[in-house]
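Presented below is the structure to which this report refers.
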Amino acid sequence: QVQLVESGGGLVQAGGSLRLSCAASGRILRIPSMGWYRQAPGKQRELVATITIGGSTNYADSVKGRFTISRDNARNTVYLQMDSLNPEDTAVYYCNAVVTDPSLFSTRNYWGQGTQVTVSS
């Protein structure tokens with residue numbers, strides 16, 4: 001009953017920028033944490049960045065200083081501003097949200113369908 005919808009992926013040249021968005025909807029009381037993960041061809045899924053409801057952030061070393069994660073709590077939306085992109089950033093990017101159920105007051109992870117980011121050299 002919770003859905004995550006991503007947008008903003010596409011093709012970009014090395015050094016360029018993209019902005020990803022992910023909006024959560026459904027049975028939501030609270031989203032303690034939202035974030036982005038990515039999976040490159042032939043590789044395992046890895047954490048890119050996370051942000052808590054209070055605004056605390058965590059970044060993978062490979063993107064720190066280039067990517068910026070933010071969120072709009074009123075809209076249950078998380079963003080990922082990606083600057084200085086390089087071909088190593090090419091991957092499917094997945095939105096993740098830890099959601100508190102309004103009735104059970106328990107939490108679970110939800111995932112978006114993924115959006116492709118391709119960076120050409």
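Because the structure is predicted, anything quoted here is derived from the model rather than measured. Values reported hereafter were calculated over all heavy atoms of this structure, with side chains retained and with hydrogens, waters and symmetry mates removed.
A cation-pi arrangement is absent between R38 and Y94 under the rule of less than 6.0 angstrom and at most 45 degrees off the ring axis.
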Q.
Is there a side-chain hydrogen bond (donor to acceptor under 3.5 Å, both in side chains) between R27 and S103? Walk through the geometry before answering.
A. CA-CA 9 Å; R27 295 179 59 192; S103 59; 2.8 Å; yes

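Side-chain contact between V117 and L20 is present, with heavy atoms from C-beta onward closer than 4.5 Å. Taking 4.5 Å as the limit, some side-chain heavy atom of D89 sits within range of a side-chain heavy atom of R66. Put simply, the side chain of C95 does not reach to within 4.5 Å of the side chain of Q113, judged on heavy atoms. With a 4.5 Å cut-off on side-chain heavy atoms, V12 and M82 do not count as touching. Counting heavy atoms from C-beta on, the side chains of T107 and V99 never come closer than 4.5 Å. Side-chain contact between E6 and W111 is absent, with no heavy-atom pair separated by less than 4.5 Å. The shortest distance between side-chain heavy atoms of T57 and T50 does not fall below 4.5 Å. Put simply, the side chain of T100 does not reach to within 4.5 Å of the side chain of I31, judged on heavy atoms.
Taking CG of N96 as the start and OG of S33 as the end, the distance is 7.0 Å to the nearest 0.5 Å. Rounded to the nearest 0.5 angstrom, L11 CG and S120 OG are separated by 7.5 Å. For the atom pair SG of C22 and OH of Y93, the computed distance is 15.0 Å after rounding to the nearest 0.5 Å. Note that the OG1 atom of T115 and the CG atom of L80 stand 11.0 Å from one another [nearest 0.5 Å]. Note: Y110 OH to Q3 CD = 8.5 Å, rounded to the nearest 0.5 Å.
Under a hydrophobic clustering in which Ile, Leu, Val, Met, Phe, Trp and Tyr are joined whenever their side-chain heavy atoms come within less than 4.5 Å, directly or via other members, F67 and V92 fall into different clusters.
Side-chain N or O atoms of S62 include none that pairs as donor or acceptor with a backbone N or O of A60 at under 3.5 Å. In this structure a side-chain-to-backbone donor-acceptor pair under 3.5 Å is missing from Q39 to Q44.
Closest approach of P87 and S121 over heavy atoms only: CG-CB, 3.9 Å. Scanning all heavy atoms of the two residues, the minimum distance from Y59 to T68 falls at OH-CA, 3.4 Å. Among all heavy-atom pairs drawn from T90 and Q116, the shortest one is CG2-NE2, 4.1 Å. Here the shortest heavy-atom pairing between A24 and M34 reads CB-CE, 4.5 Å. Taking all atoms of both residues into account, the shortest heavy-atom contact from W36 to S21 is CH2-O, 3.6 Å. Minimum heavy-atom separation, Y37 to L47: CD2-CA, 3.4 Å.
Ion pair R108/D101 not flagged as a salt bridge, since none of the NZ, NE, NH1 or NH2 atoms sits closer than 4.0 Å to an Asp/Glu carboxylate oxygen.
In the displayed structure, R19 atom CZ is contacted under 6.0 Å by more than 12 heavy atoms of other residues, nucleotides or ligands.
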